[in-house]
A.B. asks: 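Pasting a structure below so you can have a look.
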Number of protein chains: 2
Amino acid sequence: MAHDTILTGSNISKVRSHNLRAILVGLLRYPSLSRAALARMTGLSNTTITNLVAELVHEGIVVEQGVEEPSPRRRVGRPQMLLRLVPEARYAVGVSIGVGRTRVALTDLRATIVQDEVWAHPHDQPARQAVDTITLRASSMLKRLGVTSRQLVGLGVGASGLVDPEMGVNVYAPNLGWRDVPLAQWMAEALGGLPVVVDNNVRAMALGEALFGQERQPTALAFVYGRIGVGAGLVVNGQIYRGSAAGAGEIGHTTVVVQGGERCRCGNAGCLETLVSEPVILRSAEQLAQLEPQGILATTLRCEAGPTIERVFAAARAGDRSTMAMLQERAMYLGVALANLVNVFNPERIVLGGVFAQGYDLFMPTLVETVSHRAFANLGEKVQFQTPSFGHLAGVVGAAALALESFFYQHPEWALEVTR
Amino acid sequence: MAHDTILTGSNISKVRSHNLRAILVGLLRYPSLSRAALARMTGLSNTTITNLVAELVHEGIVVEQGVEEPSPRRRVGRPQMLLRLVPEARYAVGVSIGVGRTRVALTDLRATIVQDEVWAHPHDQPARQAVDTITLRASSMLKRLGVTSRQLVGLGVGASGLVDPEMGVNVYAPNLGWRDVPLAQWMAEALGGLPVVVDNNVRAMALGEALFGQERQPTALAFVYGRIGVGAGLVVNGQIYRGSAAGAGEIGHTTVVVQGGERCRCGNAGCLETLVSEPVILRSAEQLAQLEPQGILATTLRCEAGPTIERVFAAARAGDRSTMAMLQERAMYLGVALANLVNVFNPERIVLGGVFAQGYDLFMPTLVETVSHRAFANLGEKVQFQTPSFGHLAGVVGAAALALESFFYQHPEWALEVTR
DNA sequence: CTATTTTGTTCGCTTTCTTGATTAATTAAT
DNA sequence: ATTAATTAATCAAGAAAGCGAACAAAATAG
């Protein structure tokens, strides 16, 4: 039965919270709206909108912005009093736990980062210690900024590996060396019972992009992230789609080469991960550099600074033919996998993060061509590609989005209700 | 904006319909429930349940079945009065428009078929004529059975090809030779304004299986249908998932052979359809039969009666090695595609319909092995395979399910409201 | 300066669910 | 056999929410 929304009864107070959320989401999507516009949008009466808005204004979440500018469109009648969401009325904390890095950020209601900090952590740091560092840094950041628990909607955690969001447990994270870490419980305890939402980091990124990205909200979005492995977070109608066993979006193990592919760490052969992840690209690049010790690639790898992967991309951009060809081949394989993703999931947009964002310009031509060619009919041409709206902050913003999502969309009893 | 459920305001009367639906869905899923059990399940008060049930009883949709049997579990207290859905209180019409066949059926509220009829239609029959035949036959069936429009919840149509459910239009059906046929409008006009829901036939089958199949309701289900082409219908939480451009589940065009595959009618090469559809299997079988004119396959094809594809399967069952090997190879390719489906969509169950159901026993061993081997981690082992609960009636039952779904789950103003 | 239009508010009404008391029907214990 | 305990279902009173109608506010059009 799980928590079947259809079997759960409704009542008047739920109607009220739903309507409050409708108003808030409307004000989240549009920069400003009048009460009349809200009434038209929601189908509620003017009376109801007046009453609910009064409460939101009282809470400081909404503010009257002043009267509408006179415009040629509006002809007669009393001008609208425009309402605006006050982003800094509440805050969310986002925590992104990556492979060697942890990042914590405070964001406002629009998921705009107020402050953030990053630090490296040792590769085999015990989970408990990592969590203690996080909670310590988070609470000192909150104290420093003078954010009280009353102003916080919650804390979201995006962690790599297999995560159980119901339990708030990081079930298995090989890259971190963790197993069954009760992240939500530990963090909530350390932070005085703050609501904590935990999910996989790529899924969090996908949610952040879908809800708070620059483009309009998509009906279906895939956030494809490549680094050590390759995975996708899927969002449908503003909600994370996890599949029946939290396995949705595991495209890193799409079989791209049916016969005689390279062995993958998952046990199979010919997986996408064996063809396009960061380590694999680096390995190929090294081989190419050895073949041409005086080539652009080899010299760039020797002389330039910065992350190795960036140097490989730089060499391709500088005109190294063999590197370019190697990357185009990778892009073709990624394209085959994404065409399959398109045929199954049919997203409106695909966001490419991680290495794919770093080498976006290099991958795109071949990728777009492969996808529009291999996907069914014109599905491949309809899908839009983009880089993450929040760049390398996609992780924390996504994590914060987990908390913001339950504030705006899910949670029936939120901060507002407490005060009444 | 489309029809964003979050932006739509709610009110008390919607609460009431929601609660009525919660009760109905509960009674749909369990053979019988007491008022007290319904109260616990929905979280509503006993009083509310009493009132709402009274209405449903008054409408004849629910009936008191008698007092609970004394059991060791129940110890003290007044025994529960068990309530039961009356399936024959309302009916739905399902229309399945296949390649050379149309089937119409009347079902009750549990999607059990009361009566059905099939007929063949000429391959290039004009759409208008086909629709006229359908509505004529449907209304004469209704008249014959004495079903009034008051007792009907609606009519569902499952049609092959690309369908726009919002508009009720069959946009493009190459197998039928149709383009932009306004099925919903034509049928509603001919049937006195009966609510008509139109969708793709495989999606309808998936819905029928998910809502009314023998197994418990899955969180995510894929119905894979193979005949001329191969496609999948996806259902998530009891709702059809269509993707952003109605392209979700087009697995027939999964690229299985990356380099040098056979050309597909979609323009690409190496698509799943070029490897496992009915025509392709028949073609391979003919080639095998020519190689061994005295083999089991060749003689079976010559002598036996029935559809050719069945004779191919019969030959394999009778021990024809080369046919068996050929089918196993097909199963392997299907397995690769389904493993990718599992990695992206992660369904709880995969239902195999069409040719895959006919040759289920022959495909399964290789298929299961390939999927559990190639899908990520243990995702492939977790997924359950099955044949359609409604066999060759999956099409009509699914079509009826389209109408029943809007009765049970969607439609805010349903037959009930009219009488109050 | 008046009519018109659109926005926003106040008041009384209707609808629905809930709480708490009450009745009903059974088992367990004295 | 009688009483207490327990669970199921109903009744009566009350609370909460949204709605429609009337009204006030603030602009334009003529």
A.B. asks: Indicate yes or no for a side-chain donor-acceptor contact from A:Glu88 to the backbone of A:Asp108 under 3.5 Å, with no hydrogens or angles considered.
C.D. replies: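 Judged by distance alone, no pair lies under 3.5 Å.
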
A.B. asks: Using heavy atoms to find the nearest nucleotide of DNA chain D for A:Val67 and A:Leu52 separately, return the residue whose nucleotide is more 5′.
C.D. replies: A:Leu52

A.B. asks: Measure from CD1 on B:Ile12 to P on D:dC19 and round the result to the nearest Å.
C.D. replies: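 To the nearest whole Å, that distance equals 8 Å.
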
A.B. asks: Reckon B:Asn19 has a side-chain N or O less than 4.0 Å from the OP1 or OP2 of C:dT16?
C.D. replies: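 Negative; the distance criterion is not met.
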
A.B. asks: Pick out the pairs of N or O atoms, protein on one side and nucleotides 8-12 of chain C on the other, that lie under 3.5 Å.
C.D. replies:
| from | atom 1 | to | atom 2 | distance (Å) |
| --- | --- | --- | --- | --- |
| C:dG8 | OP1 | A:Met81 | N | 2.6 |
| C:dG8 | OP1 | A:Met81 | O | 3.4 |
| C:dG8 | OP2 | A:Arg35 | N | 3.3 |
| C:dG8 | OP2 | A:Ala36 | N | 2.8 |
| C:dT9 | OP2 | A:Arg35 | NE | 3.3 |
| C:dT9 | OP2 | A:Thr50 | OG1 | 2.8 |
| C:dT10 | O4 | A:Thr47 | OG1 | 3.2 |

A.B. asks: Which residues pass the side chain to side chain contact (heavy atoms under 4.5 Å, CB included) test with A:Ala399, not counting sequence neighbours?
C.D. replies: none

A.B. asks: Quick one: list whatever passes side chain to side chain contact (heavy atoms under 4.5 Å, CB included) with B:Leu27, sequence neighbours left out.
C.D. replies: B:Ile23, B:Leu33, B:Val62, B:Leu83, B:Leu85

A.B. asks: Got a donor-acceptor contact below 3.5 angstrom from the B:Lys14 side chain to the B:Gly9 backbone?
C.D. replies: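 The answer is yes, because a donor-acceptor pair under 3.5 Å joins these two groups.
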
A.B. asks: Any protein N or O atoms within reach of nucleotides 28-30 of chain C? Criterion: under 3.5 Å, listing atom names and distances.
C.D. replies:
| from | atom 1 | to | atom 2 | distance (Å) |
| --- | --- | --- | --- | --- |
| C:dA28 | OP1 | B:Arg75 | NH2 | 3.4 |

A.B. asks: Can you check side-chain contact (heavy atoms from CB on, under 4.5 Å) on B:Gln151 and B:Leu145, steps first, answer last?
C.D. replies: CA-CA 12 Å; B:Gln151 296 173 276; B:Leu145 294 167; over 6 Å; no

A.B. asks: Rounding to an integer number of Å, can you tell me how far B:Leu33 CG sits from D:dA8 P?
C.D. replies: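 Going from B:Leu33 (CG) to D:dA8 (P), I get 12 Å.
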
A.B. asks: Which residues satisfy the side chain to side chain contact (heavy atoms under 4.5 Å, CB included) test with A:Ala204, sequence neighbours excluded?
C.D. replies: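 In terms of side chain to side chain contact (heavy atoms under 4.5 Å, CB included), with neighbours along the sequence ignored, A:Ala204 is linked to A:Leu402.
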
A.B. asks: Salt bridge or not between A:Glu55 and A:Arg16? Use side-chain N to carboxylate O under 4.0 Å.
C.D. replies: yes

A.B. asks: How would you list, by chain and number, every residue that makes a salt bridge (charged side-chain N to carboxylate O under 4.0 Å, His left out) with B:Arg35, sequence neighbours excluded?
C.D. replies: B:Glu64

A.B. asks: Identify, between A:Gly77 and B:Thr48, the residue whose nearest nucleotide on DNA chain C lies closer to the 5' end.
C.D. replies: A:Gly77

A.B. asks: Rounded to the nearest angstrom, tell me the gap between atom NZ in B:Lys14 and atom P in D:dA17.
C.D. replies: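 That distance rounds to 17 Å.
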
A.B. asks: Nearest whole angstrom, please: distance from the C1' of C:dT16 to the CD1 of B:Ile23.
C.D. replies: 13 Å

